[in-house]
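Everything on this sheet refers to the single structure shown next.
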Number of protein chains: 2
Amino acid sequence: MLDQRLMADGLAIDFSHSSEPIARQVARGLRHAIVSLQIRPGEMLSEQEIASKLGISRQPVREAFIKLGEAGLVRIMPQRGTLVVKISRAAVEDARFIREAVECAVAREAARRADAKKVAVLTDSLARQRRALRAKDGGALFALDEEFHRLLAEVAGRPSAWNVIEDVKPQMDRVRYLDMADAIPMSIVIAQHAEIVEAIAAKDPGRAAAAMQAHLTEILRSLPKLADRYPELFEEVTAETSPL
Amino acid sequence: MLDQRLMADGLAIDFSHSSEPIARQVARGLRHAIVSLQIRPGEMLSEQEIASKLGISRQPVREAFIKLGEAGLVRIMPQRGTLVVKISRAAVEDARFIREAVECAVAREAARRADAKKVAVLTDSLARQRRALRAKDGGALFALDEEFHRLLAEVAGRPSAWNVIEDVKPQMDRVRYLDMADAIPMSIVIAQHAEIVEAIAAKDPGRAAAAMQAHLTEILRSLPKLADRYPELFEEVTAETSPL
DNA sequence: AAGCTCAAGTTACCATACTAGTGTCCCGCG
DNA sequence: CGCGGGACACTAGTATGGTAACTTGAGCTT
C-alpha cells in the first residue's frame, strides 16, 4: 500500500517497508511529530485532513488518535474535533511522579539481580552514549537515553515496566526536547546514568534508587524555566480549586 | 441505539442510558466479563460474532479489542483471530511490581499531604467496606476496594496515578476474583486498608508505604495455590531462558 | 443594541463493504 | 497408507458512506 514516502506539515511516515499495521505507523509518526514539536501544542487535527495528506483512509488515523488520546497528547472531543494539548506542568509532574516510582523500583531490582553480563550490557550502552555526545548527535542521544532506561527494565527482569514508562513518558518528552534545543549539557545526564550503573554493579539497591531519583529530578529544574521561556507551548495555569 | 439489554455468552451490556461511545461500553463490558471469568482464558473471540450478538457493527468491537489487547487481557493476532490470554504468573507478578512501586509512592505522598478532610474521606470509605463485609456482598466489596485505592491517589494529589494502576490491574483482577470465589477472608483486606489509613492519618509516610506494600504482597500468597487449583486457567510455565 | 433562533458547516462515531493474509480440510498423487 | 497441494472458510485490517452532535454566525425579535 502506497510504496512511497509522504510529507505533510512536517509529518513524514514511510509506508514502504511495512508489514506493520498502518494505524500503528501513523500513531508512531504522529507521536514523534507532537513530541518533537513539529506539530504545535494547541493545534487542531482532523482525521480527514491527516488521512488525505497521507493518502490513506480515516480509519487508521482514527485509531492513531485514540492511542494518542490515551497517552494524553491529544484531546479528542466527540463531534467537535481533536486538538493537540498544550504542555501542562501538572501533567509533566504527574508523569515524573510515576516514572520515579517505577524506575526507582526498577533500579533497586536491577541492583539486586546484577551480574557481570548484565552490567556489561549497561556499560556498553553508556559507551555508545558517550560516543554520541562526542559526535554532538542530539537525536541519537535522545534515542540512546530511551534505550538505556529500557535496558534497565530488562536487566531488572521487569521488561513490562518499560511499557508503563512508555505510556507516561511522552508528556515529559516534549519538555526534554525543549531541553535539548536549549543545549542543556547532556554530559550531566550521562554522568547520572553512569552513577546508576555503578550502583547496580556494586549491588547497592538503595544507592541505585537514589541515583535514579536524582536523575529523574533533573527535569524539575528546567521545567519552570522552559514554561517561562515558551509560554505559548504551555497551558496557562488556572487557579483551580482541588476537588479534595 | 438499541434501547435494550442484550445477552450473549454471559456478556451483558446495557446500551440504553448511554451517551457514552459504544466502543467504550463494549470495552468495559468485555473487560468485566474476562476479569470475572465469564469468558474463560484460552477462549477465542471473534469481532464478527460479538458484534452480531450485541447487534452492533464490528468497528466498536474492534476498538474494544485493541484496548483489551493493550491491557494484556487478549492477544490479537492479525488475520488469525483474537484470544483471551490465560492468566500468567509472570504477568501477574509484573503487574504487582508496578502497583507496588506506584501505590507505595502514592501512600507516602498521601501521608505527607494528609489533613482532616482527606482522612475523613478515607475513613468513610472504610466504613462502607465494613458494611459490605457484614452484608457479605462480594461484588460491592470488589468495587469498594477499587474505589479505596482510587481515593488514595486523589488524596495524594496524584489522580493520574490511578490511571496507570487501572492499566495494569486487570491482570491481577482475575486472580483476585478467584480469591473471592475461594472465600478468602476479606476482613484481612479491610484490616490492611485500615492500617494504611491510620498511617496516613498519623502523617507517617514510611509506615504508610510499608502498610501498602504488605497489602499488595498478599496476592503473592494465594497465587501459587490458585495456579495449582485451577491449572486450566493458567499458562503452563515454560522453562524459558531469559534473554539477558 | 442585546439576546435568541436557527440554519449551515464541520466533526467524530458507527455501519457497511472490500482486501489480503492465515489456517484447515479434503482430494488426488506417489 | 502417507503426504503434498489447492480451494475454501475464516480472520483482522482498511476503505468508504451515512448520521447525530456540536460550533458558529447570521438574521430575526424584543
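Just so it is clear: chains get the letters A, B, ... in the order the sequence lines come, proteins before strands, and each one is counted from 1.
- The residue A:Leu45 sits close only to the backbone: its heavy atoms come under 4.0 Å of sugar-phosphate atoms, none of a base.
- A straight line from CE of B:Met44 to C1' of D:dA12 spans 11 Å, rounded to a whole angstrom.
- The A:Pro78 side chain lies nearest to C:dC13 when the options are C:dC13, C:dA20, C:dA15.
- Between the P atom of D:dG17 and the CD atom of A:Gln48 lies a distance of 11 Å, rounded to the nearest Å.
- Both A:Gln59 and A:Gly81 sit near DNA chain C, but only A:Gly81 has its closest nucleotide nearer the 5' end.
- The distance between atom CD of B:Gln79 and atom C1' of D:dT14, rounded to the nearest whole Å, is 10 Å.
- Regarding contacts with the backbone of C:dA12, every side-chain N or O of A:Arg58 stays at 4.0 angstrom or more from both OP1 and OP2.
- Taking atom CD of B:Gln25 as the reference point, atom P of C:dC13 lies 13 Å away to the nearest angstrom.
- Side-chain contact between A:Ile219 and A:Arg96: present, with at least one pair of heavy atoms (C-beta onward) separated by less than 4.5 Å.
- Distance, A:Glu47 CD to D:dT16 P: 14 Å, rounded to whole Å.
- One can place CZ of A:Arg75 at 16 Å from C1' of C:dT11, the figure rounded to the nearest angstrom.
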Next item on the list: Please step through side chain to side chain donor-acceptor pair (under 3.5 Å) for the pair A:Ser46 and A:Gln48, ending with a clear verdict.
Entry: CA-CA 5 Å; A:Ser46 159; A:Gln48 182 67 275; over 6 Å; no

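- In this structure, A:Arg89 is not positioned above the aromatic face of A:Phe234 in the sense of NZ or CZ being under 6.0 Å from the six-membered ring centre and within 45° of the axis.
- When distances are taken from the side chain of A:Arg62 to each of C:dA12, C:dA15, D:dA12, the shortest belongs to C:dA12.
- Protein atom CG of B:Leu54 is 13 Å distant from nucleotide atom P of C:dC14, rounded to whole Å.
- A close approach under 4.0 Å does occur between a side-chain nitrogen or oxygen of B:Ser46 and OP1 or OP2 of D:dT11.
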Next item on the list: Decide side chain to side chain contact (heavy atoms under 4.5 Å, CB included) for A:Ile56 and A:Val26; before the verdict, give the C-alpha distance in whole Å, the side-chain angles of both, and the deciding distance to 0.1 Å.
Entry: CA-CA 10 Å; A:Ile56 58 177; A:Val26 174; 3.8 Å; yes

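- Look at CD on B:Glu63: it is 13 Å from C1' on D:dT14, rounded to the nearest Å.
- Picking from C:dA12, C:dG23, D:dA12 the nucleotide with the shortest atom distance to the side chain of B:Thr82 gives D:dA12.
- In this structure, of C:dT22, C:dC14, C:dA12, it is C:dC14 that holds the atom nearest to the side chain of B:Pro60.
- Between A:Arg80 and D:dT23 there is a side-chain N or O to OP1 or OP2 distance below 4.0 Å.
- When all heavy atoms of A:Pro159 and A:Glu154 are compared, the pair lying nearest together is CB-CG, 4.4 Å.
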